[in-house]
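Presented below is the structure to which this report refers.
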2 protein chains.
Amino acid sequence: MRDVAKLAGVSHQTVSRVLNEHPNVRQETRARVLEAMESLDYRRNLAARTLVTRQSHTLGIIGFETTLFGPASMLYGIEDAARTAGYLVSIATFRNLERRPVLEAVDRLRQHAVDGIIAIAPKHAVTDALTQAPAGLSCVAVGGAGGGDGVPTVRVDNAGGAQLATRHLLDLGHRTVHHVAGPGDWPEAQERIAGWRETLTAAGAEVPPILPQSWNAETGYVQGQALARDPAVTAIFCANDRIALGVLRALHEAGRKVPEEVSVVGFDDMPDSGYFLPPLTTVRQDFAELGRLSLALLLQHMAGPESPAHVVVTPELVVRASTAAPPKRRSRR
Amino acid sequence: MRDVAKLAGVSHQTVSRVLNEHPNVRQETRARVLEAMESLDYRRNLAARTLVTRQSHTLGIIGFETTLFGPASMLYGIEDAARTAGYLVSIATFRNLERRPVLEAVDRLRQHAVDGIIAIAPKHAVTDALTQAPAGLSCVAVGGAGGGDGVPTVRVDNAGGAQLATRHLLDLGHRTVHHVAGPGDWPEAQERIAGWRETLTAAGAEVPPILPQSWNAETGYVQGQALARDPAVTAIFCANDRIALGVLRALHEAGRKVPEEVSVVGFDDMPDSGYFLPPLTTVRQDFAELGRLSLALLLQHMAGPESPAHVVVTPELVVRASTAAPPKRRSRR
DNA sequence: TTCAGGAGTGTTACCGTTCCCAATCCCGGC
DNA sequence: GCCGGGATTGGGAACGGTAACACTCCTGAA
C-alpha cells in the first residue's frame, strides 16, 4: 500500500480512501491511485483490515452430515449467495448432534473472527447451542425445527409438505395412507408425522401405527417388507426419498406392483428420484434456495439485530409415476 | 493479551511464548500465564497473528458441483482432516469448468490469505488453472485426471476400476460387456472407457460402440432403452451409479430382467446403491479417504515443496445382486 | 575468582490497515 | 477583502500479535 501511495504521489491514507470508496476523493486523484494499484498488482491485506475493523468478511457454516444431498445443497446455496455479497465461507462440521461438538465448532469459527454463522441445524440441540453463542455474533439456523428461540431460522413447512403428500393419496381414492417415518427425535420427522396424521384425521381416515427409525434406505426396506405383507396397505408416504427407495425395493421383491397395487410418495426430490422404479412422486424442497434465504436473513440480522425473524418455505408436490388410484376391488366401500 | 500479561505479572512477550509453546519458559510462569488466560477467557486474535506471520491457518477448497455425493464427501474428508491438523477450511465454488472462474476462485482465496488450496478438479482446465497460481501458494488437485503437471494430485485408478468391473462380468461368462460412458471430455470418463476397452481387447472380446454423454440418470435411461432392444446385450458397465439407475429403469420397462437376462455394474457406490432394483454391483470409491489423502499431500507440499507427488487410490469391487451369469442359450459358443 | 554460555524474561520495532484529527485549499457571501 | 465551512489531503496512533535483540541471572569449567 505504501508503494501504491508513493507511485501515485499521495499518502497511504488517500489510497485507503480510494479502496473504501470514500466520497471525498477527487476524480483525478482516484484515477491515479487506481492506476498505480493496477500496475503494481496490488491487493489489500485482509488480515490487517480485519485486525482494525474487526470484520473478517468471512461467514461460518456449521453443518452435520454435509455429505448428503440436502445439507450439501444448502451449503452450495449459501456459498453462492455469500460470494455475491462479498463474503467468503468457512465450514466447520461436527460429528454428532450434541451441544458440545456444536459449541466447539462455533468456537473454532469465532477464533477465526467470522462475521456471522449459519447453522445447518436439524435438531434442537444445535439451535440451543447457538443461543449460547457470544452476543454480537449473528447466527441463523436453517433447515431444522423452527423455534421461538432467540435465533432466526429458515425452514421448510414439513407439516404442509406431508399434508400435500397425504392429501394427494387420499384424493386418488386411497382409504388411508401408511407412513414410514424418519427418526423420532428429529423435528423434521415429527412435523411430517404431524402433517400426515392431521390430514388423515381431518379426512376421517384411520391412522395406522408408525415406527420412526432412521432416514436411510434400509429403514424403508425393512419397514416396507412388513407393509408389503399387509394386503390392506395401498398407499405409503415415506419421510424422505431414500426411505422410499427402500420401500420400493421391498414392495417389488414381495411382488406388489407400484403404482397399480400400492402407491408410494417420498419427500425431498433428490436428483435421481425421477429414475426410481417407478419414477417417484415426491415433495420437493429447494435446498439451494433455503441456503440463499438463510444467507439473506443472516445479512439482515447482522445489519440490524431486530427481533429474530423466521422464514418458512413451502414445498411443492411433484407427481410422477409411483402413485395411482387404488386397485378396484379395494376401492372405498 | 496485555490484560493476561498484567494479571500474570509478566510481559506480553512471555504470554506469546506460552501461546506458541516456546521451550524457554519456566514451568511456574507458564502455569501462571495459563491460569490468567483461563480466568480471562482469553483467545488469541488470529488476524493479528496472520498479519505478522503471514499464515492464516486456513485452507481453501475450490470445488465444482459440490452438491453431488462425490465432491461433497471429499469436502467432508478434507475438512475432517484439516480440523485435526489445526486448519479451518474455506470454500469457493465455481459454476463452470473454464479457466477464468477457477482463477477467480483461487484469487478470492488468496485475498483471504489461505495457506494452501485443494482443488476438486474433475477436468484438466482446473488443474491447468492451478499451475497459474502464484508461486509460494501450495496447491493440490484431487479427484480428476492425474497429470505430469506441476501440481500434486490425488486420484482414483479409474482404469483399474473399470477393469475390475469388466473382468467381473467376463468372468461370469458374458461374451462381451457394453458400456454407458460418462461425458467424453472428462478424464475420469475417458479412463474408465480405456480400462473397459483394454480388458475386452485383452480377453479377445468384441468392443461395442459407445456414446459418451453425461453423468446423470437420464443418460442411462436413454441409452439403456437402446441397449434393452438389442437381445445380444447381456452385460452393461455404467460409468457411474446414477447412469446405472437409469439403465436399470430402462431395462425394467423393456421387460428385461436384471440380473437373469442382463447384468449391470455401476461405479462410485453411492449411499443407496445397495437398495436399487436390484441392489447394484458397483466399483467403490472412498471419497472421504480421497479428501483426507489430498489434505495430507497438501500439508506435505506446504512443508517442503519437493517434486510434486501423485497419489493413486485403488477402488474396490462391491458385488451385489445386479450381476449374474448370462442366460443359458446365450452362453459362450 | 572469572568468565562463557544458556535459560528466562523484557523492550522495541514492525506487520498493513483504518480511524481520528489537524491542515490546507477553495468557494461564496457579506 | 475577510471569513465560515465544506472538500480534499496528510500525519500520527491504534489494532493485537510475533520477531529480533538485549538484558539479567545462574551454572559449571578453567
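Throughout, protein chains are lettered first and strands after them, A, B, ... in sequence-line order, and every chain is numbered starting at 1.
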*B/Gln13 has a side chain; which of C/dT9, C/dT18, C/dT11 sits nearest to it?*
C/dT11
*Rounded off to whole Å, could you give me the CD-to-P distance for the B/Glu28 and C/dG8 pair?*
11 Å
_Comparing B/Val10 and B/Ala48 on DNA chain C - which has the more 5′ nearest nucleotide_ = B/Val10
*For DNA chain C, whose closest nucleotide is more 5', that of A/Arg2 or that of A/His12?*
A/Arg2
So what does [X] hit on the nucleic acid, given a heavy-atom distance under 4.0 Å: a base, only sugar-phosphate, or nothing?
X       : result
B/Asn24 : base
B/Arg43 : sugar-phosphate
A/Arg17 : base

_With a strict under 4.0 Å distance from non-hydrogen atoms of chain A, what nucleotide opens and what nucleotide closes the contacted stretch of DNA chain D, reading 5' to 3'?_
D/dT8 to D/dG16
*Write out all pairs satisfying ring-ring contact (aromatic ring centres under 6.0 Å, His included) with one or both partners inside residues 19-45 of chain A, taking only residues at least two apart or from two chains.*
none
*A/Phe94 ring center near A/Phe64 ring center (under 6.0 Å)*: yes
*Strictly by modelled atom types, are A/Ser56 and A/Thr50 linked by a side-chain donor-acceptor pair under 3.5 Å?*
no
*asked:* On DNA chain D, does the nearest nucleotide to A/Ser11 precede the nearest nucleotide to B/Met1 from the 5' side, or the other way round? Give the residue.
replied: A/Ser11
*For DNA chain C, which residues in residues 49-59 of chain B have a heavy atom at a distance below 4.0 Å?*
B/Leu51, B/Val52, B/Arg54
*Nearest non-hydrogen partners of A/Val4 and A/Val33, listed with the distance*: CG1-O, 4.1 Å
_Using five base pairs at each end to define the local axes, how bent is the helix from C/dT1-D/dA30 to C/dC30-D/dG1, to the nearest 10°?_
50°
*Can you list every pair that meets salt bridge (Lys or Arg N to Asp or Glu O under 4.0 Å) and has a residue in residues 50-62 of chain A, with sequence neighbours left out?*
none
*So which pairs with a foot in residues 106-116 of chain A pass salt bridge (Lys or Arg N to Asp or Glu O under 4.0 Å), sequence neighbours left out?*
A/Asp107-A/Arg110, A/Asp107-B/Arg43, A/Arg108-B/Glu79
*Spatial distance of atom CG (B/Leu40) from atom CD (B/Glu38) [nearest 0.5 Å]*: 10.5 Å
